[in-house]
Amino acid sequence: MRELDLRVERQSSALGALARHACFARADLGECLRRINEVAIATLDVTRSSIWFLDEQGQSLTCADIIDGSDRRGAEDLVLKATDFPRYFKAILEDRVIAAADAQADHRTSEFADDYLIPLGISSMLDAPILFGGRTVGVLCVEHVGLPRGWPRDEQVFTASLGDFVALALAAEDRNRTEAALRRAEERYRGIFENAIEGLFQMSPDGRFTDVNPAMARMLGFDDAASFMEARAPVGAPLFVDAGRRSELMQLVAAQDRVVGFEASLFRREGPPIWGSFSMRTIRSLDMRVLRLEGSVEDVTLRRRAEDRLAHVSLHDGLTNLPNRALFIDRLAQSLARIRLAGSGSTTVILIDYDGMKLINDSLGHSIGDRLLVEMARRLTACLRPGDTLARLASDEFVVLAEGLADRDAALAFAERLGAAFSVPYDPVPDQDEIFPTASIGLAFHQGSSGSPDDLLRHAGTALHQAKAQGRSRCLAFTPEMKSEPLLMLRLQSDMRRAIERDEFLLFYQPVVSLPDRRLTGFEALIRWNHAQRGLIPPATFIPIAEESGLITDLGDWVTHAACRQMRIWQDRLGPVTPLTLSINIAPAQLAHPDAWALIDHAMIHSGVDVRRMKLEVTETALAGDDDLMSHRLRGLRERGFQILIDDFGTGYSSMSRLHRFPIDGLKIDQSFIRPMLFDGDSAAIVRTIVALGKALDLDLYAEGVEDEGAAVALSRLNCEFAQGYLFAKPLPLEKADALIGEMLISPGAPPCH
């Protein structure tokens with residue numbers, strides 16, 4: 001989130017500086033093109049940037065300016081022909097942006113591979129067609145040398161904006177040529193009013209049009225000057241959209257005799273209004289009496305639209321078109337100022353974070369993720385009251401500014417309505433599984449004269465973090481007691497770096513039983529943190545800290561060594577006759593680690609454990625990433641003798657259709673389906689489907705979170721072989737797990753004690 005904010009801030013700053021550059025005022029096309037290429041390279045951190053213009057027939061592209069960090073060659077000999085690159089020419093005429101992460105494979109750019117991309121080492125291209133005069137006139141091409149890279153949506157929008165700047169440079173040059181032509185015409189044909197290219201007019205001292213030239217008439221949608229004058233007859237149609245702007249123009253001319261570049265929105269006879277730029281002067285007699293007013297008007301609609309778009313881009317999210325952080329902070333500051341001025345009122349900031357956006361992008365693709373975010377924005381917008389503001393702060397985080405709520409309870413009720421709308425199932429692709437989105441929500445309710453926008457956002461963020469820590473998919477309001485939570489998390493992160501060295505972690509063991517005979521078959525090892533000062537800290541608190549800080553691999557390595565050592569002790573105690581097993585959880589970061597096999601091999605060799613007694617549990621969400629990498633890593637572990645189980649099965653979005661690609665031995669049905677299966681028909685149907693799927697693939701079936709006898713009996717009837725949960729035993733410390741094994745040795749068929 002911070003990286004995206006910094007990129008967008010950097011892009012907005014670059015666009016603002018470019019818009020103020022003097023080359024546009026001078027209409028120096030060459031300098032403008034060079035400056036645009038320099039901004040592209042500096043902001044996007046690429047090696048090459050070039051600008052190409054199409055010929056009139058659209059059959060060739062000629063390079064107008066290029067910056068190549070390798071200094072290989074200049075622009076004078078670079079020409080591309082449509083006959084040589086038909087797919088690329090078709091793409092620049094049809095696509096708003098060509099984002100080729102792998103340019104040598106992308107069908108739109110692969111035609112350049114042999115002669116251009118490979119020799120120059122170009123791996124990725126981001127091209128923005130240049131639109132001018134209602135047609136494509138060229139393309140801005142950004143090229144990355146080195147390993148292929150992706151082009152995030154903010155970078156695509158930024159590059160398209162640079163293409164718009166090229167159009168502005170063309171417009172400035174075109175306007176410059178027009179002005180020069182007008183000056184030459186005036187020098188040659190002084191007073192030949194009718195032949196002027198620019199719109200010219202004369203007015204009476206009281207501001208009534210007395211004459212216009214054909215150019216001005218055409219600009220405003222009339223065939224000739226006579227029809228324009230007829231429309232301006234007394235009590236005729238107004239010209240200025242805002243009558244106040246006309247009065248302001250006339251007052252300025254009266255006060256200073258000359259006005260240059262006064263812009264106003266003007267009605268056309270047909271179609272939308274245009275923007276006109278007026279330059280006027282007062283013509284006086286020798287005795288200083290006002291004889292008439294005369295001047296020119298220029299159609300600056302294209303420039304105004306480009307400026308409006310740049311302003312919009314700098315203050316709005318490119319995907320959802322919602323306000324961005326900068327605009328939201330401005331509106332929040334205004335809201336707090338109104339409260340201070342009035343001495344009453346309230347402001348509420350509501351942060352809404354999508355639970356599991358990364359999983360959606362990794363499993364279904366970023367295009368589906370983008371459609372989902374747009375849908376969520378639409379739903380939230382529909383819930384707003386007049387005057388509320390909805391903004392998108394980060395990839396999966398929205399924020400609402402609501403004024404005038406009565407109290408914190410009213411704010412919570414409003415936030416929960418937003419969460420309910422957010423959580424309605426969504427079907428992005430017909431005939432495929434629905435997505436069931438959930439959101440964690442944190443809010444800060446504010447009354448009084450103190451407080452700043454940063455304070456309210458920080459407080460809402462603290463409440464959001466608490467909501468996530470308590471299990472996600474919930475809504476919490478900030479309280480003063482929460483202020484210490486971020487500091488606590490920071491301290492725990494610091495403490496965790498020393499906790500492994502201090503041997504503060506330990507394993508608990510939850511029994512796994514055979515459902516048909518309730519026989520103990522093994523344990524699942526579960527990590528706990530016995531903090532020196534704070535006592536036993538649950539995994540729900542410290543595992544997210546480990547993931548965020550990058551310590552999860554070190555923590556997983558500790559669990560693997562500790563579990564293998566303990567299994568070796570039980571292995572020696574039980575002997576080969578009693579095949580007790582032990583399951584350990586492997587985090588996705590551990591599997592993706594370059595030394596994944598070496599770390600596990602070290603634990604096996606160091607402990608001497610019989611690997612056939614060990615089971616590795618991988619969450620279903622881990623399979624949503626790189627199929628080839630995950631399959632390769634799991635296959636290597638299975639070849640070493642480990643059994644592979646998919647943990648929390650049923651909570652993912654696409655793994656069910658991809659299971660056959662992975663070397664696995666069993667499925668663990670997530671407890672969120674097991675617990676309600678006796679009274680919820682949907683949950684029962686999901687459990688039956690998963691069991692049937694597992695049987696069809698010849699996989700072992702495990703049920704998690706079995707808490708009552710009815711569920712155990714129902715699972716047995718479905719032929720689910722194994723289960724764990726509070727019905728049999730809670731996670732046990734080592735001494736109680738040892739005692740349970742002792743009971744098993746005395747009476748092998750005895751079930752675990754409750």
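Excluded from the calculations below are hydrogen atoms, water molecules and symmetry mates; all remaining heavy atoms, backbone and side chain alike, are included.
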Original post:
Cut-off 3.5 Å, side chains only: do D647 and T619 have a donor facing an acceptor?
Top reply: no
**OP:** Start with the C-alpha gap between L526 and L507, add the side-chain angles, then the distance that decides, and say whether side-chain contact (heavy atoms from CB on, under 4.5 Å) holds.
**Re:** CA-CA 5 Å; L526 301 169; L507 293 179; over 6 Å; no
Original post:
Does K615 make a cation-pi contact with F722 (under 6.0 Å, within 45 degrees of the axis)?
Top reply: yes
**OP:** Tell me, with the steps shown, if I674 and V706 meet side-chain contact (heavy atoms from CB on, under 4.5 Å).
**Re:** CA-CA 7 Å; I674 300 297; V706 179; 4.0 Å; yes
Original post:
Please, which pairs that meet ring-ring contact (aromatic ring centres under 6.0 Å, His included) have at least one residue in residues 370-425, sequence neighbours excluded?
Top reply: Y354-F422
**OP:** Scan side-chain atoms only and decide if Q671 and D648 contain a donor-acceptor pair under the 3.5 Å cut-off.
**Re:** no
Original post:
Is R392 close to E397 at the side-chain level, that is, under 4.5 Å between some pair of heavy atoms?
Top reply: no
**OP:** I would like to know whether L412 and L443 meet side-chain contact (heavy atoms from CB on, under 4.5 Å); could you show each step before the answer?
**Re:** CA-CA 8 Å; L412 270 171; L443 67 89; 3.7 Å; yes
Original post:
Is there a side-chain contact between R331 and P323, using heavy atoms and a 4.5 Å cut-off?
Top reply: yes
Subject >> S335-T347 side chain donor-acceptor pair, cut-off 3.5 Å >> reply: yes
Original post:
Are P731 and Y726 side-chain neighbours, meaning at least one heavy-atom pair lies under 4.5 Å?
Top reply: yes
**OP:** Mark yes or no for whether N324, through its side chain, and L327, through its backbone, hold a donor-acceptor pair below 3.5 Å.
**Re:** yes
Subject >> Cationic N near anionic O, under 4.0 Å, R149 to E155 >> reply: yes
Subject >> side-chain contact (heavy atoms from CB on, under 4.5 Å) evaluation trace for F445 with F478 >> reply: CA-CA 7 Å; F445 176 79; F478 174 79; over 6 Å; no
Original post:
Can you tell me if D388 uses its side chain to pair, donor with acceptor, with the backbone of R385 under 3.5 Å?
Top reply: yes
Original post:
Would a 4.5 Å heavy-atom cut-off, applied to side chains only, mark F649 and D670 as touching?
Top reply: no
Original post:
Under 3.5 Å, is there a donor-acceptor pair between the D164 and S161 side chains?
Top reply: no
Subject >> Lys/Arg-Asp/Glu bridge criterion (N-O < 4.0 Å) met for E375, R379 >> reply: yes
Original post:
Any side-chain donor paired with an acceptor under 3.5 Å for D454 and S452?
Top reply: no
Original post:
Nearest 0.5 Å, what's the CG-CG distance between L390 and L401?
Top reply: 10.5 Å
Original post:
Taking all atoms of both residues into account, what is the closest heavy-atom pair of A439 and I352, and its distance?
Top reply: CB-CG2, 3.7 Å
Original post:
Are any of the side-chain nitrogens in E704 or R675 under 4.0 Å away from the carboxylate oxygens of its partner?
Top reply: no
Subject >> Approximate separation, where rounding is to 0.5 Å, of I329 CD1 and Q334 CD >> reply: 12.0 Å
**OP:** Enter the distance from I339:CD1 to S346:OG here, rounded to the nearest 0.5 Å.
**Re:** 6.0 Å
Original post:
Can R528 be said to sit on top of F508's aromatic six-ring, NZ or CZ under 6.0 Å from centre and within 45° of the ring axis?
Top reply: yes
Original post:
Would you find a donor on one side and an acceptor on the other, under 3.5 Å apart, between the side chain of Q156 and the backbone of W151?
Top reply: yes
Original post:
Going by atom types alone, do T320 and D317 pair a side-chain donor with an acceptor below 3.5 Å?
Top reply: yes
**OP:** Nearest 0.5 Å please: distance from the OG atom of S344 over to the CZ atom of R338.
**Re:** 12.0 Å
Original post:
Would you call E721 and K695 a salt bridge, taking side-chain N to carboxylate O under 4.0 Å as the test?
Top reply: yes
Original post:
Side chains of V400 and L418: closer than 4.5 Å at any heavy-atom pair?
Top reply: yes
Original post:
Parallel, tilted or perpendicular: which describes the rings of F542 and W529, with under 30° parallel and over 60° perpendicular?
Top reply: perpendicular
Original post:
Is there a donor-acceptor contact under 3.5 Å linking the side chains of Q724 and Q510?
Top reply: yes
Original post:
How far does CG of L701 sit from CG of L667, to the nearest 0.5 angstrom?
Top reply: 6.0 Å
Original post:
Can you check whether L616 reaches S583 side chain to side chain, under 4.5 Å on heavy atoms?
Top reply: no
